[in-house]
Amino acid sequence: MTVIEDVTPLKQSHLPEKIIDREQEQQLLHKNLEVRNLHVHGPRGTGKTHLVKKAIGEAETRTCYINCLKHDTQYKALQQILSQLSQAEVKSGYHTSELQRRIEKQALDTTIVLDELDFLLLNDGDDLIYYLSRLENTPTITAITSNTEDLSEELEPRTYSSFQPRQIQFEPYTGEQIYEILADRAWKSLESRSVHRNAVTYIASTTQNIEIALTWLRTAAQKAEDTVTEDLVQEIKEEAFELYTETKLQHLSQHHRTLYQALKELSKEGDHVVQAGDIYQRYRKNASRQDGETLSDRRISDFLKQLEHLNLIEAKYHYGGRKGKTREIQLNKPT
DNA sequence: GGTCCACAGGAAGCCTTGGAGT
DNA sequence: ACTCCAAGGCTTCCTGTGGACC
């Protein structure tokens, strides 16, 4: 017994024909995407990627979409750009300048989207942006970030001055907007009258992140005997959050997942605020039990920062005092 | 005011991978 | 087949931090 007729509209990846509540942003994107550099910024789950992808689909120029969470160095991003432009796999081993030379031959009238740019900046600096924004037949670049509000603070002055993006800000969804979107998706996806209004209201009043909201409603619908009730929604809250974090972690390494698991264990065991050193210790213990391979604390420290950027954990930095220089970390209950 | 805390995070170097030249 | 080169992943080493405590 299931209330789902077609699960597609409830999937986060689904791009509906009509997008609710983002008319202004959509227009800005449509008007500017192909003619000038853009910086799209806003918290997670506000529809940035979604709308940019839709704008790409409607663009007349060629487009490249790079997810910098997966391709977090200049080199890897260049490989992706070239591979999308030439429609062929590009292996490693070439000199960066060789990739750049080949891209320059092809990059005419191209729009390049760099999603999750924070991760590339964190890992490899701004060389990629500098290079792309100074190309002779300059492609237009759209950078999407969740953590970096003001790129002029993160980029070298010389990079920012040639990049000069127009900023498009995405505000968090309001409860009413989340409600409206969920209701629309539920109507397309589920049997009629199979969702209680209170159930949707509860989700909409708990989270401003549409990605979480959709995961939540979808999970509830999959569990429902014949109706999605508020009780059911409340009951599966934790499970839905876990599913959301799993999808966020799936693009990262097993070490990231072991690290996250270590923090989860420690916060379950008592203190919900944990010190970095304790997490490293637990990570080492768990990783060596799993397959023996453990990474250094230095490396894991970088991974911890990535989890912070994904908004999965919250870190408070101490630069002195009785605790010394450390981070106090807690799980982020995504809202 | 000197020492300690408990790491953060930069720099340098090692190892592996894969293309290019001979 | 061999050597050379460049890139990323990772480790090792090291310096810096600033309030608490003596």
Side-chain angles (χ1 to χ4, degrees), chain A residues 66-106 114 116-132 147-148 153-156 249-260 262-263 266-267 270-288 290-310 312-330:
Chain A
I66 314 295
N67 186 340
C68 300
L69 180 59
K70 272 161 84 183
H71 309 288
D72 61 354
T73 63
Q74 167 176 222
Y75 193 85
K76 286 197 259 186
L78 290 174
Q79 270 182 302
Q80 277 303 305
I81 292 169
L82 184 57
S83 127
Q84 289 182 30
L85 289 176
S86 63
Q87 313 243 322
E89 194 193 349
V90 179
K91 296 200 169 168
S92 52
Y94 303 103
H95 193 290
T96 303
S97 59
E98 168 66 10
L99 292 184
Q100 291 175 336
R101 194 182 58 76
R102 288 165 65 184
I103 285 172
E104 278 157 40
K105 278 189 178 170
Q106 308 216 27
L114 300 169
E116 304 271 19
L117 181 70
D118 310 279
F119 288 87
L120 195 148
L121 294 177
L122 183 69
N123 192 40
D124 202 29
D126 70 0
D127 290 348
L128 177 73
I129 301 280
Y130 184 69
Y131 164 72
L132 288 176
N147 301 290
T148 312
E153 283 174 10
E154 292 298 314
L155 302 178
E156 300 274 337
L249 286 169
Q250 82 188 4
H251 297 297
L252 301 172
S253 70
Q254 180 57 45
H255 292 287
H256 287 85
R257 289 187 281 276
T258 306
L259 176 66
Y260 185 77
L263 174 60
L266 288 169
S267 22
D271 305 327
H272 77 197
V273 176
V274 189
Q275 264 185 265
D278 296 336
I279 301 179
Y280 299 158
Q281 212 175 0
R282 180 61 64 93
Y283 156 79
R284 255 178 276 131
K285 190 174 143 203
N286 289 359
S288 59
Q290 279 167 16
D291 62 358
E293 195 202 3
T294 59
L295 300 181
S296 66
D297 290 357
R298 179 68 190 84
R299 186 78 182 127
I300 290 303
S301 165
D302 286 341
F303 286 5
L304 213 46
K305 192 139 215 167
Q306 291 176 350
L307 296 185
E308 193 189 341
H309 267 55
L310 277 173
L312 296 180
I313 65 172
E314 210 164 291
K316 198 170 158 200
Y317 288 72
H318 293 273
Y319 290 100
R322 199 163 25 146
K323 295 189 171 96
K325 188 177 184 179
T326 184
R327 278 177 278 189
E328 277 185 338
I329 294 155
Q330 58 180 317

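Below, chain A is the first sequence line, B the second, and so on; all start at residue 1.
- Contacts classified as salt bridge (Lys or Arg N to Asp or Glu O under 4.0 Å) and involving residues 273-285 of chain A (residues at least two apart or in different chains) are given here: A:E265-A:R282, A:E269-A:R282, A:R284-A:D297.
- A heavy atom closer than 4.0 Å to some atom of DNA chain C occurs in A:T73, A:Y75, A:K76, A:H95, A:T96, these being the qualifying members of residues 72-99 of chain A.
- Here the range on DNA chain C touched by chain A, meaning any atom under 4.0 Å from one of its heavy atoms, is C:dA6 to C:dC21.
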Tabulate protein N/O versus nucleotide N/O from nucleotides 9-11 of chain B, keeping only pairs under 3.5 Å, one per line.
| from | atom 1 | to | atom 2 | distance (Å) |
| --- | --- | --- | --- | --- |
| B:dG9 | OP2 | A:K305 | NZ | 3.4 |
| B:dG9 | N7 | A:R298 | NE | 3.4 |
| B:dG10 | N7 | A:R298 | NE | 3.3 |
| B:dG10 | N7 | A:R298 | NH2 | 3.0 |
| B:dG10 | O6 | A:R298 | NE | 3.0 |

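- Using a 4.0 Å heavy-atom criterion, one finds that A:S253 contacts no nucleic acid atom at all.
- When the C1' atoms of four end pairs are superposed on the next four at each end of the helix from B:dG1-C:dC22 to B:dT22-C:dA1, using five pairs per end, the two resulting axes differ in direction by 20°, to 10°.
- A donor atom on one side chain and an acceptor atom on the other are not found under 3.5 Å apart for A:Q100 and A:Y94.
- Side-chain N or O atoms of A:D126 include none that pairs as donor or acceptor with a backbone N or O of A:L155 at under 3.5 Å.
- Contacts with DNA chain B (heavy atom under 4.0 Å) in residues 116-130 of chain A: none are found.
- A heavy-atom distance below 4.5 Å is found between the side chains of A:I81 and A:L132.
- Side-chain contact, A:T96 with A:Q74: no donor N or O sits under 3.5 Å from an acceptor N or O.
- Taking the side-chain contact (heavy atoms from CB on, under 4.5 Å) definition, one finds that A:S288 meets it with A:T294, sequence neighbours left out.
- Legend: residues meeting side-chain hydrogen bond (donor to acceptor under 3.5 Å, both in side chains) with A:T148, ordered by chain and number and at least two apart, are A:D118.
- A:Q79 places a side-chain N or O within 3.5 Å of a backbone atom of A:V90 that can act as its donor or acceptor partner.
- Residues that satisfy the salt bridge (charged side-chain N to carboxylate O under 4.0 Å, His left out) test with A:R101, not counting sequence neighbours, are A:E98.
- By the side-chain hydrogen bond (donor to acceptor under 3.5 Å, both in side chains) test, A:H71 is found to be paired with no residue, residues two or more places apart in sequence or in another chain being considered.
- Counting only residues at least two apart or on different chains, the salt bridge (Lys or Arg N to Asp or Glu O under 4.0 Å) pairs with a member in residues 66-79 of chain A are A:D72-A:K76.
- Looking only at side-chain heavy atoms (C-beta outward), A:I329 and A:E308 stay at 4.5 Å or farther from each other.
- Residue A:Q281 contributes atom CD, which lies 12 Å from atom P of B:dA6 at whole-angstrom precision.
- Within the 4.5 Å cutoff, no side-chain heavy atoms of A:L122 are placed close to those of A:N147.
- Partners of A:K323 according to the salt bridge (charged side-chain N to carboxylate O under 4.0 Å, His left out) rule, which considers only residues two or more places apart in sequence or in another chain, are A:E328.
- Judged purely by atom type and a 3.5 angstrom limit, A:Y283 uses its side chain to pair as donor or acceptor with the backbone of A:L295.
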